[in-house]
Amino acid sequence: MTFARVSGTALAAALAGMLGLGAAGAETLRLSHNTGDTTTWHQGAEKFGELLAERTDGALDVRVFPNAQLSGGDQMRQAEMVGRGALDLVVTSAINVTPLVPEMAVFSLPYLYANYEQVDATTQGAPGEMLADILLDKGIVVLAWGENGFREVTNNVRPIRSPEDMRGLNMRVAGPMYIDVMNALGANPQQMQWGETMSALQQGVVDGQENPIGAVIIPQQVYEVQKHLTAWHYSYDPIFLGISKAKWDSYDADMQAILREAAQDAMAYQREITREGTAQGIAFLREQGMEVYEPSADELAAFRTATQPAFDQWAERVGPEIVGAFQDAISAAN
Ligand code: X2X
């Protein structure tokens, strides 16, 4: 019995196809993220691909898959998939990684941060490195930190001015820590994929949700289905651009340096456009007909007090060493 003869070139092309290599020997990496293709997450991911293609003369490029398509719509599964090499790259936010790495909840502890200087002192400094080290143990190399942002609450029932106003509201939340925060406020939290949230809001399955203005609320047009927004800044959520360690280890030091720099530049761009969108965001949302409430310092203090039990519970889960390192960097940045 004889096998059909295959030309060397055809065989190489077939192998290249199996390995994800393009015709010119270029490699296309797959990047998964869990928001729509209009968000700053997506823009940051696309920027990374552009910079990488440019700086490797086309040897490496990136295909971006939005809406958690590559993890069957499950936004929390992406990190685990990257960790075991089933995905090359991920852009996701810290809260989505908490089922795999509970310490990632540190960033989002209620009212941990008061401003962007404090944020940058942690995500762009040694505290961020502590988390990157833990993720490395799970097979994920963090290349750069970007921004989802300060999460603001929206709903269709009433303006939220005090913790009491949250009582009894059915709130969609992204992850486990927010369930405890919402419970502390007397709301009824329900964990749901972001991909299912817009229709749940539209149909009244839930009354409200919480997300950052510049990265998500505006680009995903949450204002079309929500009446009230309160800028309570109750929790900060960073994103990161990560690569599977298996993939990372397949490159030499020069290529790794290009990957890391392209990621750093892309996430710097992503943070910048997210902050710009957020700064202009409240005026824009009012133009769209939303009622936006900006709490006073005293009102913010009341929210902080009401969410303290969830802070304490999760600070314990994260551990004093990490929480302490974050708090020290935050005090130094004041
Ligand atoms: O699901 C959300 O709310 C989002 C998009 O902000 C996260 O990925 C945490």
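Counting starts at 1 for both ligands and their atoms, in listed order. Every value quoted in this text rests on a predicted model; they were computed, and no experiment measured them.
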Atoms of ligand 1 close to [X] [distance to a heavy atom under 4.0 angstrom, numbered from 1]:
X      : result
Asn148 : 6 (O)
Asp237 : 9 (C)
Ile95  : 9 (C)
Ala174 : 1 (O), 2 (C), 3 (O), 9 (C)

Using heavy atoms and a threshold below 4.0 Å, how should the contact between Asn34 and ligand 1 be classified: side chain, backbone, both, or neither?
->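 It is the side chain that touches ligand 1; the backbone stays farther off.
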Counting heavy atoms only, which part of Thr92 comes closer than 4.0 Å to ligand 1: side chain, backbone, both or neither?
->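 It is neither part, as no heavy atom is under 4.0 Å.
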Could you check which of Ala68, Ser93, Pro212 puts a non-hydrogen atom nearest to atom 9 (C) of ligand 1?
->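 Among Ala68, Ser93, Pro212, the closest heavy atom to atom 9 (C) of ligand 1 belongs to Ser93.
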Winner among Gln78, Arg172, Gln220 once heavy atoms are compared against atom 2 (C) of ligand 1 |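 Among Gln78, Arg172, Gln220, the closest heavy atom to atom 2 (C) of ligand 1 comes from Arg172.
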Test item: Met166 and Ile160 side chains (from C-beta on) under 4.5 Å apart, heavy atoms |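 Met166 vs Ile160: side chains touch.
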Check: Pro212 and Tyr236 side chains under 4.5 Å, non-hydrogen atoms =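 They are not in contact (no side-chain heavy atoms under 4.5 Å apart), so the answer is no.
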What is the closest protein heavy atom to atom 4 (C) of ligand 1, and at what distance does it sit?
->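 Ranked first by proximity to atom 4 (C) of ligand 1 is Asn211 OD1, 3.6 Å.
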Could you tell me the residue and atom name of the protein heavy atom closest to atom 5 (C) of ligand 1, and the distance to it rounded to 0.1 Å?
->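 The protein heavy atom lying closest is Thr35 CG2, 3.6 Å.
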Report yes or no: is the cationic atom of Arg151 (NZ for Lys, CZ for Arg) under 6.0 Å from the centre of the six-membered ring of Tyr234, at an angle within 45° of the ring normal?
->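 Verdict for Tyr234: no cation-pi partner in Arg151.
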side-chain contact (heavy atoms from CB on, under 4.5 Å) partner of Asn211, the single match among Asn148, Thr197, Thr154 =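 Single pass found, and it is Asn148.
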With Lys138, the side-chain contact (heavy atoms from CB on, under 4.5 Å) member among Val97, Val82, Leu100 =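 Checked Val97, Val82, Leu100 against Lys138; only one passes side-chain contact (heavy atoms from CB on, under 4.5 Å): Leu100.
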What I want to find out is whether [X] reaches [Y] closely enough, with some N-O distance under 4.0 Å, to be called a salt bridge.
X      : Y      : value
Glu291 : Arg161 : no
Asp120 : Arg275 : yes
Glu27  : Lys247 : yes

If we only count N/O pairs under 3.5 Å, is [X] in contact with ligand 1?
X     : answer
Asn96 : yes
Trp41 : no
Gln75 : yes

Tyr116 and Phe150 aromatic centres sub-6.0 Å =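 Yes, ring centres under 6.0 Å apart.
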Would you say the side chains of Ser235 and Tyr111 form a donor-acceptor pair under 3.5 Å?
->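 Note: Ser235 and Tyr111 side chains miss the donor-acceptor criterion.
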Under 4.0 angstrom from ligand 1, any heavy atom of Arg151?
->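 Yes.
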Determine, using heavy atoms of Gln209 and all atoms of ligand 1, whether some pair is separated by less than 4.0 Å.
->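 False for this residue.
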